[in-house]
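Beneath this line is the structure, given in structure tokens, with notes to follow.
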Amino acid sequence: MSDMAQRVAVNDGAAGSKRTSRVRVAVRLRPYLDKQDEKGEGPCVRGLGPQKLEIINWRNATETLQYQFDVFHGEQTTQQEVFLTSVKPILPHILNGQNASVFAYGPTGAGKTHTMLGSQEQPGVITRAVKEVFRLVEAQGKDLDGWEYSVGMSYLEIYNEKVLDLLSPGSQDLPIREDKDRNILIPGLTRTPLSSFTDFDTHFIPASLNRTTASTKLNQRSSRSHAVLLIKVVKSQRGPPHRQQTGKLYLVDLAGSEDNRRTGNQGIRLKESGAINLSLFTLSKVVDALNAGAGGRVPYRDSKLTRLLQDSLGGSAHSVMITNIAPEYRYYFDTFSALNFAAKSKQIVNRPFVRETVLAPTIAPGKRAREEQEAGGSGE
Ligand code: ADP
Ligand code: MG
């Protein structure tokens with residue numbers, strides 16, 4: 001622990017010397033749910049090890065399509081494992097003036113909110129990350145003479161391309177600005193100082209309940225807007241020259257990625273669909289451009305979400321996208337497009353994603369889950 005604190009202290013100021021703009025892509029498959037499978041068809045997706053999975057080919061049910069990602073979290077994966085593998089490693093950077101972002105992407109019903117928020121019994125990424133930030137701050141506070149940390153939170157929603165403050169209900173659309181140092185900020189946004197995790201809970205729980213469970217209508221809305229939690233860590237030098245470093249951590253529960261045009265939406269729904277499609281489509285272009293490497297234009301300005309994340313996605317920021325998928329057939333096409341969204345971003349890196357057609361090793365619906373571990377080399 002103190003070893004890490006020292007390393008960070010020594011490393012002070014060297015932030016950003018290495019380009020780490022690639023967005024890591026993890027896929028999390030939620031457990032199969034009987035009630036999501038009225039026809040009793042069994043799952044159509046399964047894991048093939050720590051980085052691979054396969055999905056049945058709808059054109060030919062004797063074939064599967066295989067995908068490879070940075071990490072694959074199978075259906076048995078616990079909340080703690082997801083946190084340890086995909087999120088915890090990036091947190092020390094935000095105490096050091098760097099930015100980071102974690103997204104949950106995927107169709108409605110696939111587990112985004114479970115991953116980010118979780119429940120009382122199974123807390124998700126948000127709770128664990130905020131606790132860890134306070135733990136790191138306390139551990140380093142002891143070692144860092146002459147510096148102090150302050151932690152604050154903001155919580156907002158992007159709905160229909162409007163930025164709404166969730167800590168100040170009833171507020172109007174807020175403008176996104178960029179300062180001369182290219183930091184992105186929202187001038188009117190509530191920023192609540194936090195002195196402990198309990199403090200965070202006190203402010204966050206009511207605001208998030210408000211958003212997710214107030215009514216069916218709001219439930220629907222929660223799958224049609226992006227919920228963005230910002231944890232800001234400011235490290236300040238007590239004496240002259242009063243240097244300051246600000247690190248930002250964005251934790252984002254994205255709108256459902258299902259194709260809204262297919263559901264025959266009209267009126268306001270259609271407008272929402274357009275906004276969701278625009279922001280998720282732009283996010284995918286941004287991730288592609290970043291993972292393609294230097295050179296190309298990154299279209300941050302094409303949507304509010306990517307504009308807001310501009311200084312925390314790419315550059316020296318550390319980002320991970322957790323694509324949530326569901327195993328039942330009723331999600332098939334949404335799963336397929338979510339996987340293609342996620343895998344596309346892999347294709348451009350040097351380790352291209354594997355998407356080959358292989359014969360399915362005679363899959364008997366319903367008893368697949370247990371066979372998973374062994375399935376690695378059976379693609380004959
Ligand atoms: P989304 O936010 O993507 O619409 P939810 O997180 O609300 O999806 O998940 C849909 C349902 O599946 C919820 O009832 C949730 O509790 C359950 N669920 C999702 N992921 C898991 C998981 N990994 N383990 C157990 N249940 C899960
Ligand atoms: Mg949700």
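Keep in mind it's a predicted model, so treat the numbers as computed, not measured. Ligands are counted one by one from 1 in listed order, and the atoms in each one are counted from 1 as well.
- Where the criterion is an N or O separation shorter than 3.5 Å, residue side chain and backbone included, His114 meets it with respect to ligand 1.
- Taking backbone and side chain together, Thr108 holds no N, O or S atom under 2.8 Å from the Mg ion (ligand 2).
- At distances below 3.5 Å, at least one donor-acceptor pair connects side-chain atoms of Gln51 with backbone N or O atoms of Phe69.
- With respect to the salt-bridge test (charged N to carboxylate O, under 4.0 angstrom), the residues Arg307 and Glu178 qualify.
- In this structure, Phe336 and Tyr67 have perpendicular ring planes: the angle between them is above 60°, well past the 30° mark.
- Scanning the protein heavy atoms around atom 4 (O) of ligand 1, the nearest turns out to be Gly109 N, 2.7 Å.
- Of all protein heavy atoms, the one lying nearest to atom 18 (N) of ligand 1 is Arg30 CD, 3.9 Å.
- Few gaps surround CZ on Arg238; more than 12 heavy atoms of other groups in view lie less than 6.0 Å from it.
- Ion pair Arg135/Glu132 flagged as a salt bridge, since at least one NZ, NE, NH1 or NH2 atom sits closer than 4.0 Å to an Asp/Glu carboxylate oxygen.
- Counting heavy atoms closer than 4.0 Å to ligand 1, residue Arg28 contributes side-chain atoms (C-beta onward) but none from N, CA, C or O.
- Among protein heavy atoms, atom 7 (O) of ligand 1 sits closest to Thr113 CB, 4.2 Å.
- Using the six-membered ring where Trp is involved, Tyr332 and Tyr329 have ring planes that are parallel, under 30° apart on the 30 and 60° scheme.
- For atom 14 (O) of ligand 1, the nearest protein heavy atom lies 4.0 Å or farther away.
- Salt-bridge check for Glu157 with Arg224: failed, with every basic side-chain N at 4.0 Å or more from each acidic carboxylate O.
- Using a non-hydrogen distance threshold of 4.0 Å, Gly106 does not register as a contact of ligand 1.
- The protein atom (non-hydrogen) at minimum distance from atom 24 (N) of ligand 1 is Pro31 CD, 3.4 Å.
- Between Lys112 and ligand 1, at least one N/O pair is under 3.5 Å apart.
- For the 3.5 Å distance criterion, the side chains of Glu258 and Thr108 qualify, holding a donor opposite an acceptor.
- Between Leu33 and ligand 1, not a single N/O pair is under 3.5 Å apart.
- The aromatic rings of Tyr155 and Phe204 are tilted relative to each other, their planes meeting at an angle between 30° and 60°.
- Residue-environment remark: CD (Gln172) stays at or below the threshold of 12 foreign heavy atoms within 6.0 Å.
- At least one heavy atom of Thr108 sits closer than 4.0 Å to an atom of ligand 1.
- Between Pro107 and ligand 1 there is a heavy-atom distance shorter than 4.0 Å.
- Within a 4.0 Å radius of atom 21 (C) of ligand 1, the protein contributes one or more non-hydrogen atoms.
- Nearest to atom 9 (O) of ligand 1 by heavy atom, out of Ser257, Ala326, Gly111, is Gly111.
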